[in-house]
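For reference, the structure discussed in these notes is given below.
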Amino acid sequence: MSLVTQIEYAEAPAEVRAVYDDIMQTRGVDWINNFWKALANDPAQLKRIWENVKQVMAPGALDPLVKEMVYVAVSATNGCEYCSYSHTAAARKQGMSDAMLMELMAVVGLANETNRLANGLRFPVDPQFRR
């Protein structure tokens with residue numbers, strides 16, 4: 001259950017519809033997911049977040065599949081079930097296989113384990129890492 005009303009396309013003001021249209025065109029889909037519908041309660045924030053997503057997730061030094069896989073990893077670590085499902089679907093659309101997802105989750109699990117151990121042991125950082 002959402003904490004705010006989800007703004008459907010038919011009920012959205014023109015400024016929200018413009019962002020929705022851009023989301024659908026950019027993603028090549030014919031629907032808006034619930035995250036954007038909730039953010040539409042604040043049209044300025046909706047537009048700002050969408051513009052940031054388009055900029056950061058666009059092809060660059062990292063290809064879009066790698067970016068989606070990083071998003072999946074961070075979402076899993078942060079416990080964001082919604083984001084995990086959303087970005088796993090996006091990564092699959094870009095070619096992520098089950099084997100890739102399993103390997104990614106193994107790396108995420110290992111990183112979380114060793115990060116907790118390093119934090120718990122509280123030893124100084126090796127000087128060569130500071131270069």
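Start at 1 with the first residue, then count along the sequence.
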Can you see which heavy atom on Thr5 is nearest to which on Asn41, and at what distance? O-ND2, 2.5 Å
Taking every heavy atom of Val125 against every heavy atom of Phe129, the minimum-distance pair comes out as CG1-CB, 4.0 Å
Does a side-chain heavy-atom distance below 4.5 Å link Val53 with Arg27? yes
With a 4.5 Å heavy-atom cut-off, do Trp36 and Gln6 have their side chains touching? no
Is there a path of hydrophobic side-chain contacts, each under 4.5 Å between heavy atoms of I, L, V, M, F, W or Y residues, that connects Leu65 with Tyr71? no
Hey, quick one: are Trp31 and Ile7 part of the same hydrophobic cluster, counting side-chain heavy atoms closer than 4.5 Å, chains of contacts allowed? yes
Should Val70 and Phe35 be regarded as members of a common hydrophobic cluster, given that ILVMFWY residues are connected when their side-chain heavy atoms come within less than 4.5 Å of each other, either directly or indirectly? no
Return the minimal non-hydrogen interatomic distance between Asp30 and Met24, and the atom names on each side. C-SD, 3.6 Å
For the side chain of Asp126 and the backbone of Gln128, is there at least one donor-acceptor N/O pair under 3.5 Å apart? no
Any non-hydrogen side-chain atom of Gln94 less than 4.5 Å from a side-chain atom of Met69? no
Assess whether side chain to side chain contact (heavy atoms under 4.5 Å, CB included) is satisfied between Arg92 and Leu101, documenting all intermediate values. CA-CA 9 Å; Arg92 287 187 183 283; Leu101 177 59; 3.5 Å; yes
Apply side chain to side chain contact (heavy atoms under 4.5 Å, CB included) to the pair Lys93 and Glu68, showing each step before the final yes or no. CA-CA 10 Å; Lys93 186 175 177 182; Glu68 288 296 345; over 6 Å; no
With rounding to the nearest 0.5 angstrom, report the OH to CG distance, Tyr85 to Asn33. 15.0 Å
State yes or no: do Leu46 and Val4 share one hydrophobic cluster built from I, L, V, M, F, W and Y residues joined by side-chain heavy-atom distances below 4.5 Å, directly or via other members? no
With sequence neighbours excluded, what pairs up with Asn119 under the side chain to side chain donor-acceptor pair (under 3.5 Å) test? none
Separation between CG (Leu39) and NZ (Lys37), nearest 0.5 Å, reads 13.0 Å
Closest heavy-atom pair and its distance - Lys67, Pro59: NZ-C, 4.4 Å
Nearest heavy-atom contact between Arg17 and Ala12 is NE-O, 3.3 Å
From Gln55, Arg48, Lys54, residue fulfilling side chain to side chain contact (heavy atoms under 4.5 Å, CB included) relative to Glu51: Lys54
Gln45 atom CD, over 12 foreign heavy atoms within 6.0 Å: yes
Can you find a side-chain donor-acceptor pair between Asn34 and Tyr82 that sits under 3.5 Å? no
Hey, mind stepping through Asp21 and Tyr9 against side chain to side chain contact (heavy atoms under 4.5 Å, CB included) and telling me if it holds? CA-CA 9 Å; Asp21 288 339; Tyr9 188 92; 2.8 Å; yes
Under a 4.0 Å threshold between the charged nitrogen and the carboxylate oxygen, would Lys47 count as salt-bridged to Glu15? no
Looking at CE of Met105 and OG of Ser84, how far apart are the two atoms once the value is rounded to the nearest 0.5 Å? 7.0 Å
How close do Cys83 and Cys80 get, heavy atom to heavy atom, and via which atoms? SG-SG, 2.7 Å
Distance col, row Ser75:OG vs Glu81:CD, nearest 0.5 angstrom, shows 11.5 Å
Determine whether Val107 and Val72 fall in the same hydrophobic cluster, where Ile, Leu, Val, Met, Phe, Trp and Tyr are linked whenever their side-chain heavy atoms lie under 4.5 Å apart. no
